[in-house]
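A short worksheet on the structure shown next.
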Protein chains: 2
Amino acid sequence: MPHTSSPVSPTAVDVMATLTDFCRVYQQDFLTAAQRLDLTYSQAKLVCLLAEPRAMRELAEALSCDASNITLLIDRLEQRGLVERHTDQADRRVKKVVATAEGTALAQQVRDEMHGVRAALETLSPSRRRSLQSILEQLHGHMTTSLD
Amino acid sequence: MPHTSSPVSPTAVDVMATLTDFCRVYQQDFLTAAQRLDLTYSQAKLVCLLAEPRAMRELAEALSCDASNITLLIDRLEQRGLVERHTDQADRRVKKVVATAEGTALAQQVRDEMHGVRAALETLSPSRRRSLQSILEQLHGHMTTSLD
DNA sequence: TATTGTTATACTCTATAACTATA
DNA sequence: TATAGTTATAGAGTATAACAATA
């Protein structure tokens, strides 16, 4: 049951186990960063998603949760002055959620607080970094297009 | 504000953005797989962690939540016959959680149900797969040792 | 005394269903 | 009639604090 690197190429299953371990550590780093900034996990995810304005419905999709939950989550972020609701004039049913300056700054702080991931990435040589970037883009592209 | 691949090597910040996107998709695939098997997110994580017996305390650490929460989570898994508690004879305060045959099989099913990640990994050439494996091991190793 | 696991409690997250306002 | 967002509610996850059993 090979789990680590071997002279021959690892199978997709081997890589998946490694990827699973890595994503667990990544997620933990994200959670810790969020908590240091007084954000729950979902709040931090929302703030980081709001690089540009998004409808409530889109945010529910991105968090893969029911749309009804977004109301309260955004309520709390709005009370903290991190986001604002703007009715879409093209379709007055839609509310676009927009990050305020504070919200945008906090999203950046979340990323900055992910010391573990950041430091680990700094240990990569430029060529390995380029390689990782390229492979992740291939994987991500394949996974998102296959969902359409 | 470069986000995608470019002729020069991407910075750690560039790669981090890509990694964030990828981990979000990965996590969603895991959640969907868990829900198809009637497991909550935390339950699925626990089941997948129990390749070998672990103390309640260790599980809390792995899920980075308070130890008190593990009690109810394990209660539910135990009621479904997926895990068992065994008092550690070396230290009778400790309870080791052990996956049953059904629990082990279900953990494997969770991994099998992650079609998106699996299919994406299948698109990698052997050399890129080997490269990804090696890079992830470097990153994971760096992040876990820096936490000690 | 310190540690493991449990219980009780309160807050947050999440899904479901019923409602409103717009389309 | 269909859709975007809201409200109400119930079930699950989580942290805090206090407790029993064991070390």
Side-chain angles (χ1 to χ4, degrees), chain A residues 24 27-28 30-50 53-80 82-98 110, chain B residues 24 27-28 30-50 53-80 82-98 110:
Chain A
R24 181 158 47 230
Q27 197 190 341
Q28 183 155 331
F30 180 82
L31 177 62
T32 305
Q35 288 175 339
R36 267 198 290 263
L37 296 166
D38 255 312
L39 292 168
T40 66
Y41 187 78
S42 295
Q43 286 174 339
K45 268 167 81 171
L46 280 177
V47 168
C48 289
L49 273 170
L50 288 173
R54 287 183 199 274
M56 307 287 280
R57 190 72 42 175
E58 289 179 76
L59 295 173
E61 177 91 11
L63 263 66
S64 50
C65 73
D66 191 86
S68 64
N69 303 304
I70 301 298
T71 299
L72 193 57
L73 285 168
I74 294 297
D75 280 350
R76 295 204 190 98
L77 293 177
E78 198 168 29
Q79 282 158 21
R80 276 176 69 173
L82 299 172
V83 306
E84 290 171 356
R85 281 181 239 238
H86 293 295
T87 300
D88 184 347
Q89 294 307 326
D91 181 344
R92 295 177 47 74
R93 292 174 304 180
V94 174
K95 291 186 187 157
K96 293 281 196 184
V97 183
V98 181
V110 172
Chain B
R24 180 157 49 229
Q27 196 191 341
Q28 183 156 332
F30 181 81
L31 177 62
T32 304
Q35 289 176 338
R36 267 198 291 262
L37 296 165
D38 255 313
L39 291 169
T40 66
Y41 188 78
S42 295
Q43 287 175 339
K45 267 166 81 171
L46 281 176
V47 167
C48 289
L49 273 170
L50 289 173
R54 287 182 197 274
M56 306 287 280
R57 190 72 39 176
E58 289 179 76
L59 295 173
E61 177 92 10
L63 264 66
S64 51
C65 72
D66 191 84
S68 64
N69 302 303
I70 301 297
T71 299
L72 192 57
L73 284 168
I74 293 297
D75 279 352
R76 295 205 190 99
L77 292 177
E78 198 168 28
Q79 283 158 19
R80 275 177 69 172
L82 301 172
V83 306
E84 290 171 357
R85 285 166 161 104
H86 294 296
T87 301
D88 184 348
Q89 294 306 326
D91 180 346
R92 296 177 47 74
R93 291 174 305 182
V94 173
K95 291 187 185 154
K96 293 280 197 184
V97 183
V98 181
V110 172

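Here is how names work: the chains are called A, B, and so on, in the same order as the sequence lines, proteins then strands, and each is numbered from 1.
- Nearest heavy atom pair, residue Gln43(A) against residue Asp38(A), reads OE1-O, 4.2 Å.
- Remark: P of dT16(D) and CD1 of Ile70(B) are 15 Å apart, rounded to the nearest angstrom.
- Annotation: of the two residues near DNA chain D, Glu58(A) and Ala67(B), the 5′-most nearest-nucleotide partner is Glu58(A).
- In terms of heavy atoms, Ala67(A) sits closest to Ala60(A) at CA-CB, 3.6 Å.
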**Study point:** side-chain contact (heavy atoms from CB on, under 4.5 Å) between Leu46(A) and Leu39(A), intermediate numbers included
**Key:** CA-CA 10 Å; Leu46(A) 280 177; Leu39(A) 292 168; over 6 Å; no
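- Of all heavy-atom pairs spanning Met56(B) and Ile70(B), the tightest one is CE-CG2, 3.8 Å.
- For Cys48(A), the side-chain contact (heavy atoms from CB on, under 4.5 Å) partners are Phe30(A), Ala107(A), Val110(A), Arg111(A), not counting sequence neighbours.
- When each of Gln35(B) and Arg57(B) is assigned the nucleotide of DNA chain C with its nearest heavy atom, Arg57(B) is the one assigned upstream, toward the 5' end.
- Contact record, Leu37(A) with Arg80(A): O-NH2, 3.6 Å, taken as the closest heavy-atom pair.
- No side-chain heavy atom of Leu73(A) sits under 4.5 Å from any side-chain heavy atom of Leu59(A).
- Near DNA chain D, defined here as any heavy-atom distance below 4.0 Å, the residues from residues 85-93 of chain A are Arg85(A), Arg93(A), listed numerically.
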Revision key, fill the gap. Quick tally for nucleotides 8-13 of chain D: nucleotides whose base has a protein heavy atom under 4.0 Å get B, sugar-phosphate-only ones S, the rest -, giving ----SS
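- Under the side chain to side chain donor-acceptor pair (under 3.5 Å) criterion, Arg57(A) pairs with no residue at all, not counting sequence neighbours.
- Between chain A and DNA chain C, the heavy-atom contact criterion of under 4.0 Å yields a 5' to 3' nucleotide range of dT12(C) to dA23(C).
- Residue Leu39(A) contributes atom CG, which lies 15 Å from atom P of dA15(D) at whole-angstrom precision.
- For the residue pair Ala55(B) and Val94(B), the shortest heavy atom distance occurs at CB-CG1, 3.7 Å.
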**Study point:** Worked verdict on Lys96(A) versus Gln89(A) for side-chain contact (heavy atoms from CB on, under 4.5 Å)
**Key:** CA-CA 10 Å; Lys96(A) 293 281 196 184; Gln89(A) 294 307 326; over 6 Å; no
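- The NZ-C1' distance, from Lys95(B) to dA23(D), rounds to 16 Å in whole Å.
- With sequence neighbours left out, the side chain to side chain donor-acceptor pair (under 3.5 Å) criterion links Asp88(A) to no other residue.
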